[in-house]
Enquirer: 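Got a structure for you, questions after.
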Amino acid sequence: MASIAQAIRMALHYGEENMGVKDIFGQDVGAPLGGVFTATQGLQTAWNSTLDERGIIGMAMGIAMAGDRCVAEIQFADYIFNTMDLLKIAGNTLWCTNGQIQLPMVVMTPVGAGIFGSVYHSHSFDAWASRLPGWKIVMPSNPLDAYGLMLSAIEDPNPVLYLKSKALMRHKGDELIPGEPVDEKELKAMIDKPVQNADGWKPRWPELEKYMVPIGKGKITRAGEHITVVTYSRMVHLCDEIADKLAEEGISVEVIDLRSIYPYDWQLIKSSIEKTGRVLFVNEDTEVTNFGEHLAYRATQELFYQLMARPRVLAGKNLPGIGLHPNLEKNSVPQLHDIEAAIREVVAEVP
Amino acid sequence: MSKKTTVKTGGKAVAGKTTKKAAKPAAKSTVKTSKKAAVPAKKKQSFGGLSEEILLRMHDLMVKSRVLEERLIKIYKAGEAYFWIGGPGEEAWGVPLGMLARKGFGPENDWLHLHYRCTPTMVAMGMTMIDSIRLMMNRATDPSTGGRNFSSHYCFPEWNVAPVTSPLEVQYPIACGTAQAQKRVGKGALSIVTGGDAGTAEGDFASCLILASRKGQELPVLITVQNNGYGISTPYDGQHGETHIADRARAFNIRSRVINGNDPVETYLALKEEMEYIRKTGKPSFIEAMVTRLYGHSSADGANKKPALFDPVLSFEKRLIDAGILSEKAAKKIWEIYETEGVNAQEQARQEPSPTPESVWDHVYVNNENADWRKF
Ligand SMILES: Cc1ncc(C[n+]2csc(CCOP(=O)(O)OP(=O)(O)O)c2C)c(N)n1
Ligand SMILES: [Mg+2]
């Protein structure tokens, strides 16, 4: 099975071969490194940008404005903050020009904690991103979705922010990407640059197929009856694990992998809450003005009389940063035991 | 809001009486400017070898742009618009730029990444007065923004005119992106970027110098700065350690010069030369044009003409008259014709529809894909 980093690389390859992607760029994105997580290794159109996040986003806007497709990378979301007003402009350009100028660009950036990345390699960006109207925002949790969401992002005529969990870069899924060799050693031999003697190395790409995950469509990863847990990205796996554990006790947890932050799959959330009457929103961005709060608000407004318990949001603590020591990180973003406790609490609540 | 249109009666900048349709009949008589016989031959000037046709065209467009800007200011002062910002005083720079740009759609043509003082460039490219006035008066018919943005925030995709945005300097790195696409196509097109002097302190300005000049990956960008000596109230002196802003480009091995942007002839020749250089080499070039902020920063500081400052339109007009290329009578007629056009355009724009409240949801996403989360 491909890792998420390999899945992204294959999607970008598919994009440059078949979908008109002409520039894949960012810091250390081109040869020799191919990205700090190897997600852009061996790609034909990948090049190294200057060490200038605003330059990267500005350039991407210009390329998109001129009608070419590009995928730009900000090396870590921790360093995207100085591009905020360019992101705002990219999001408002179509609107400000009354529909005249489209910016079909993809910006991808690694996000989140989970690897003890200390203060400046642990930031989340989903809550910030949800305040950028005009952008679509996706956040895959597994390689197949990473592939399918990247192709959808490339094809979309709007700017799309592709938030990839650092901790999931090496994560492998349980479904093959269409065209991916069954044997993962074979895939590695084909598309991973060898660590030694890499001079003149070229990837041998598998015959990949088009596979799209529609933006705005979530997915149920665990079906259940007693509570709905709405989450995305890295937290999907923690929530799934707790769902499996609680199932043994007869607590039936439905887990929704939202996959897209905006537009989001309200119909899926709604029908699940109508069934369970209880809901917990889990993500790792800081908790004050968190995207989960918007969903909890909406659940309260639209489903108030169907709810059996107060909707909850479990998110990162409202701290200036995530400290390096495991004691610090683990007490800053949701852990398995936090998720378990929150689910038990919501399930136990008597109306 | 007032429903009166302030009419200027002649070539002089006298705010005239207010009438509703008085100016209409005057527009009927279109007058040829080239009645050579009537023009007394005076001092011979070389005008850098530019043809009389180009000189007269420049003058005509400079007058048109000035009359339009003064019309916009009157619209503001009459309470028919919320805010004015624009480029009166920059005609001698902006008009040649608009005349020389390779106008059209797609990467074979030049891209223009302008700021809010570029009415002269747009007029020279062929924008009609009414389209500027529609923007000023936030009409639904405003082709640039549909009534969503301030005056002078132009956008004309059919001519590769990128949207003007308020955040200073962001246009500089964006220009490198369109230049990248133009370079790929290889048809000698370039991306032109303009901005003010104070804004060059923003990092985006440096981003552009760096992106455009990387060795072996140079980009066809004409990087320009219009130095009017101020950022709102803050004078140039005290904010800059460099002698000229143009000196900064030299550090990146970008060809660079300072020009008198108050002289349309010098500007025309310099722009032509630099554009040819970029088209030929694919490399960037830099121009710092010294210009005049003739009506202050914006309506926020009054938008009144500063009589002590150099007026590039009137001075160029005088040069042409002195040289016998233009007659006083013909010049006066040009002002009158554009004045009438402006008045009529204002009258018409006033009748045109406003954007509807529901239209706020339009164009958040392409093809009006639903943006309202309540409807997901
Ligand atoms: C990023 C940003 N900061 C502040 C402002 C507010 N502002 C608008 S114009 C201006 C002065 C700009 O001066 P300069 O760059 O010299 O251009 P000029 O207006 O003189 O042509 C300022 C500070 C802005 N629009 N954008
Ligand atoms: Mg200035």
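We name chains A, B, ... by the order of the sequence lines, and we start the count at 1 in each one.
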Enquirer: Is Trp135(A) in contact with chain B via its backbone, its side chain, both, or neither, using a 4.5 Å heavy-atom distance?
Expert: backbone
Enquirer: Measuring from atom CD of Gln171(B) to atom CE of Met61(A), what distance do you get when rounded to the nearest 0.5 angstrom?
Expert: 10.5 Å
Enquirer: Can you tell me which of Ile210(B), Asp204(B), Asn149(B), Thr165(B) forms the most heavy-atom pairs within a distance under 4.5 Å of chain A?
Expert: Asp204(B)
Enquirer: Are the side chain of Asn158(A) and the backbone of Val366(B) linked by a donor-acceptor contact shorter than 3.5 Å?
Expert: yes
Enquirer: Are there more than 12 heavy atoms of other residues, nucleotides or ligands under 6.0 Å from atom CD of Gln44(A)?
Expert: no
Enquirer: Short question: side chain of Gln180(B), backbone of Met59(A) - any donor-acceptor pair under 3.5 Å?
Expert: no
Enquirer: Of Ile89(A), Leu94(A), Thr97(A), which meets side chain to side chain contact (heavy atoms under 4.5 Å, CB included) against Pro163(B)?
Expert: Thr97(A)
Enquirer: Pick from Leu219(B), Val360(B), Asn368(B): which one has the most heavy-atom pairs with chain A under 4.5 Å?
Expert: Val360(B)
Enquirer: Could you tell me whether Lys136(A) and Glu369(B) have a side-chain N and a carboxylate O separated by less than 4.0 Å?
Expert: yes
Enquirer: Check each atom of Ala371(B) against the heavy atoms of chain A and say whether the ones under 4.5 Å are side chain, backbone, both or neither.
Expert: backbone
Enquirer: Tell me whether the rings of Tyr262(A) and Tyr365(B) are parallel (<30°), tilted (30 to 60°) or perpendicular (>60°).
Expert: parallel
Enquirer: Take Asn98(A) and Thr145(B), measure what side chain to side chain donor-acceptor pair (under 3.5 Å) needs, and give me the verdict at the end.
Expert: CA-CA 5 Å; Asn98(A) 207 21; Thr145(B) 81; over 6 Å; no
Enquirer: Would you say that more than 12 heavy atoms from the other residues, nucleotides or ligands in this model lie under 6.0 Å from the CZ of Arg250(B), or not?
Expert: yes
Enquirer: With a 6.0 Å cut-off (strictly less than), is the heavy-atom count around NZ of Lys103(B), excluding the residue itself, greater than 12?
Expert: yes
Enquirer: Does a sphere of radius 6.0 Å around NZ in Lys275(A) hold more than 12 heavy atoms from other residues, nucleotides or ligands, not counting ones at 6.0 Å or beyond?
Expert: yes
Enquirer: Select one option (side chain, backbone, both, neither) describing which atoms of Lys22(A) are under 4.5 Å from chain B's heavy atoms.
Expert: both
Enquirer: Nearest 0.5 Å, what's the CG-CD distance between Asn367(B) and Gln102(A)?
Expert: 7.0 Å
Enquirer: Could you give me the CA-CA distance, side-chain angles and deciding distance for Gln217(B) and Thr50(A), then say whether side-chain contact (heavy atoms from CB on, under 4.5 Å) is met?
Expert: CA-CA 12 Å; Gln217(B) 300 178 74; Thr50(A) 51; over 6 Å; no
Enquirer: What do you reckon, is CH2 of Trp266(A) surrounded by more than 12 foreign heavy atoms closer than 6.0 Å?
Expert: yes
Enquirer: Identify which part of His113(B) has an atom lying under 4.5 Å from any heavy atom of chain A, answering side chain, backbone, both or neither.
Expert: side chain
Enquirer: What's the shortest heavy-atom distance between Ser207(B) and Gly55(A), and which atoms?
Expert: OG-N, 4.1 Å
Enquirer: Working to the nearest 0.5 angstrom, can you tell me the gap between Asp52(A) CG and Cys208(B) SG?
Expert: 10.5 Å
Enquirer: For each of Asn82(A), Ile57(A), Asp68(A), Leu86(A), tally heavy-atom pairs with chain B at distances under 4.5 Å, and name the one with the top tally.
Expert: Asp68(A)
Enquirer: Is it the backbone or the side chain of Pro143(B) that comes under 4.5 Å from a heavy atom of chain A, or both, or neither?
Expert: backbone
Enquirer: For side-chain contact (heavy atoms from CB on, under 4.5 Å), just list the numbers for Trp95(A) and Arg148(B), CA-CA rounded to whole Å, side-chain angles, deciding distance to a tenth of an Å, and then say yes or no.
Expert: CA-CA 8 Å; Trp95(A) 190 88; Arg148(B) 291 177 173 193; 2.9 Å; yes
Enquirer: For Asn160(B) and Met65(A): C-alpha separation, side-chain torsions, deciding distance, then whether side-chain contact (heavy atoms from CB on, under 4.5 Å) applies.
Expert: CA-CA 9 Å; Asn160(B) 284 353; Met65(A) 203 176 274; over 6 Å; no
Enquirer: Gln267(A) and Phe376(B): which non-hydrogen atoms are nearest, and at how many Å?
Expert: NE2-O, 3.0 Å
Enquirer: Sub-3.5 Å donor-acceptor pair from the side chain of Arg298(A) to the main-chain atoms of Trp373(B), do we have one?
Expert: yes
Enquirer: Could you tell me if the side chain of Val170(B) sits less than 4.5 Å from the side chain of Asp85(A), heavy atoms only?
Expert: yes
Enquirer: Supply the atom-to-atom distance His363(B) NE2 to Cys96(A) SG, rounded to the nearest 0.5 angstrom.
Expert: 12.0 Å
Enquirer: Verify the neighbour count for atom CZ of Phe83(B): are there more than 12 heavy atoms of other residues, nucleotides or ligands below 6.0 Å?
Expert: yes
Enquirer: Looking only at atom types and distance, does a side-chain atom of Gln100(A) sit under 3.5 Å from a main-chain N or O of Phe156(B), one as donor and one as acceptor?
Expert: no
Enquirer: Considering only heavy atoms and a distance below 4.5 Å, find which of Gly134(A), Pro157(A), Ala60(A), Ala64(A) pairs most often with chain B.
Expert: Gly134(A)
Enquirer: For atom CZ of Phe81(A), is the number of surrounding heavy atoms from other residues, nucleotides or ligands below 6.0 Å larger than 12?
Expert: yes
Enquirer: Does CZ in Phe150(B) sit with more than 12 non-hydrogen atoms of other residues, nucleotides or ligands closer than 6.0 Å?
Expert: no
